[in-house]
Peer 1: 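One structure, pasted below without further comment.
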There are 2 protein chains.
Amino acid sequence: MTEPDAVPDLPWTVAAFAARTGVPPTTLRYWDDEGLLPAHRLDNGHRRYGPDDLPRLEMVRMCQGLGCTMDEVRLVLDAPDPAARARFAAEKLPEVLGRIELLRVAADVLRHVAVCEHTDATSCGAWMRSVLEPPGERPDLRAG
Amino acid sequence: MTEPDAVPDLPWTVAAFAARTGVPPTTLRYWDDEGLLPAHRLDNGHRRYGPDDLPRLEMVRMCQGLGCTMDEVRLVLDAPDPAARARFAAEKLPEVLGRIELLRVAADVLRHVAVCEHTDATSCGAWMRSVLEPPGERPDLRAG
DNA sequence: GCTTGACTTCGAGTCAACTCGAAGGTGTGC
DNA sequence: GCACACCTTCGAGTTGACTCGAAGTCAAGC
Ligand SMILES: [Zn+2]
Ligand SMILES: [Zn+2]
Ligand SMILES: [Zn+2]
Ligand SMILES: [Zn+2]
């Protein structure tokens, strides 16, 4: 226990929080400056993080994974009224579902490319078809 | 028929191909310069595109949707031997499957946020739980 | 007191993937 | 011939999200 735990609920410095979460210290400072993940401050101005900051950090990571901009992340996490947040989520949902569908097509393509022997990628009808004809039936890509 | 169809199989100028595909002319030139989608050239140096260029364009779009860098797209489309391409696809597949899984979690979260009435987003256990307790390890959500 | 290491701010630099602007070539209509 | 639209290249600017460097502050160990 090298920590003096002067502030019992805020055990982590920037470096410690970075080590724990995998987010670089520079990025944590940036997120604090931008209001994405506000840090607590000691009297001397040093940043401190506590367990209560972990959920928000995970939300930031997840939102990034959705391709949200930082403005959108702030909207989700700091919307003054829940209604704005709910509206945003409702608008975002179909987009996410669409992305899932596209990724499924892409996964099929990758599965075939992994075993395809065509020299020219674009000359292989097996996966060109699935890229060019998204709606409709999906032929089995694992066949040559 | 204003087209003189001097080159019957290459009917489209940059602007025409842009109009047909929705990719801006500037981007088509950029993709040509970078070797992502090489254009054919007339004797006077002008770019021309034909139907044979459509599949490759769709592949470029799809790869972008996978979050591939341009280097990776070139690797998939121009790998000197099919083996390198196949290897890349095999390595990429699990990553894509992981992304699908994460997007499914995100979709669940969005579905709840759309109806949640908590003032403080991070205080709502219902979706915090799904974010913080994913079964197994978490792949990097950021595109790549 | 002095060194060491981690912290602070702020301004500038980096990166990918475009996107724009200037200067000039090309070709069709009148 | 000349206007005009569209093409060319090349270099520079933009955007978002970091990432770094310099200059200074703070606390512990010797
Ligand atoms: Zn906190
Ligand atoms: Zn094939
Ligand atoms: Zn072609
Ligand atoms: Zn809720």
Peer 1: Between Ala15(B) and Asp71(A), which has a closest nucleotide on DNA chain D that is more 5'?
Peer 2: Ala15(B)
Peer 1: Which protein N or O atoms sit under 3.5 Å from an N or O of nucleotides 9-11 of chain C?
Peer 2:
unit_1: dT9(C); atom_1: OP1; unit_2: Arg41(A); atom_2: NH1; d: 3.1
unit_1: dT9(C); atom_1: OP1; unit_2: Arg41(A); atom_2: NH2; d: 3.3
unit_1: dT9(C); atom_1: OP2; unit_2: Arg47(A); atom_2: NH1; d: 3.0
unit_1: dT9(C); atom_1: OP2; unit_2: Arg47(A); atom_2: NH2; d: 2.7

Peer 1: Between dC18(C) and Trp31(B), is there an OP1 or OP2 to side-chain N/O distance shorter than 4.0 Å?
Peer 2: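 Yes.
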Peer 1: Round to a whole Å and report the spacing from CG of Leu42(B) to C1' of dT26(C).
Peer 2: 11 Å
Peer 1: Rounding to an integer number of Å, can you tell me how far His40(B) NE2 sits from dT8(D) P?
Peer 2: 14 Å
Peer 1: Which is more 5' along DNA chain D, the nucleotide nearest Leu36(A) or the one nearest His46(A)? Just name the residue.
Peer 2: Leu36(A)
Peer 1: Return the value, rounded to whole Å, for the distance between atom CG of Asp32(B) and atom P of dA17(C).
Peer 2: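 Value for this atom pair: 17 Å.
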Peer 1: So, is Thr13(A) near the phosphate of dA6(C), with a side-chain N or O under 4.0 Å from OP1 or OP2?
Peer 2: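 The answer is no; no side-chain N or O of Thr13(A) sits under 4.0 Å from OP1 or OP2.
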Peer 1: Might you confirm whether atom CG of Asp43(A) has over 12 heavy atoms from other residues, nucleotides or ligands at distances under 6.0 Å?
Peer 2: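 Open: at most 12 neighbouring heavy atoms sit under 6.0 Å from CG of Asp43(A).
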Peer 1: What's the closest nucleotide to the Asn44(B) side chain, out of dA17(D), dC18(C), dT26(C)?
Peer 2: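 Taking heavy atoms from C-beta onward, the closest nucleotide is dT26(C).
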Peer 1: Just so I know, are the side chains of Cys63(A) and Met70(A) near enough to count as touching, which here means a heavy-atom distance under 4.5 Å?
Peer 2: no
Peer 1: Quick one: Met70(B) CE to dT19(C) P, roughly how many Å, whole number?
Peer 2: 12 Å
Peer 1: Which heavy atom of Ala107(A) sits nearest a heavy atom of Leu97(B), and at what distance?
Peer 2: CB-CD2, 4.2 Å
Peer 1: Without decimals, in angstroms, what is the distance between Gln64(B) CD and dC18(C) C1'?
Peer 2: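 Nearest whole value for this atom pair: 10 Å.
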Peer 1: Phe17(B) CZ to dC6(D) P: how many Å, rounded?
Peer 2: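 Interatomic distance, CZ of Phe17(B) to P of dC6(D): 19 Å.
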Peer 1: May I ask you to say whether Arg56(B) pairs ionically with Asp78(B), meaning some side-chain N is under 4.0 Å from a carboxylate O?
Peer 2: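 Yes, Arg56(B) and Asp78(B) are salt-bridged.
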Peer 1: What's the verdict on ring pair (Phe, Tyr, Trp, His ring centres under 6.0 Å) for Tyr49(B) and Trp12(B), showing C-alpha distance, side-chain angles and the deciding distance?
Peer 2: CA-CA 5 Å; Tyr49(B) 296 88; Trp12(B) 303 312; 8.5 Å; no
Peer 1: Any salt bridge between Asp53(B) and Arg20(B), counting N to O under 4.0 Å?
Peer 2: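 Result for this pair is no, no salt bridge flagged.
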Peer 1: When rounded to the nearest 0.5 angstrom, what is the spacing between CZ in Phe17(A) and CZ in Arg47(A)?
Peer 2: 13.0 Å
Peer 1: Of the nucleotides dC7(C), dT19(D), dC18(C), which one has an atom closest to the side chain of Tyr30(A)?
Peer 2: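 Ranking dC7(C), dT19(D), dC18(C) by closest atom to the Tyr30(A) side chain puts dT19(D) first.
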Peer 1: From the list dT8(C), dC18(D), dT26(C), which nucleotide is the closest neighbour of the side chain of Thr27(A)?
Peer 2: dC18(D)
Peer 1: Round to a whole Å and report the spacing from CG of Leu28(B) to P of dT19(C).
Peer 2: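 Taking CG of Leu28(B) and P of dT19(C), I get 11 Å after rounding.
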Peer 1: What is the distance, to the nearest angstrom, from the OH atom on Tyr49(B) to the P atom on dC7(D)?
Peer 2: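 After rounding, the reported distance stands at 11 Å.
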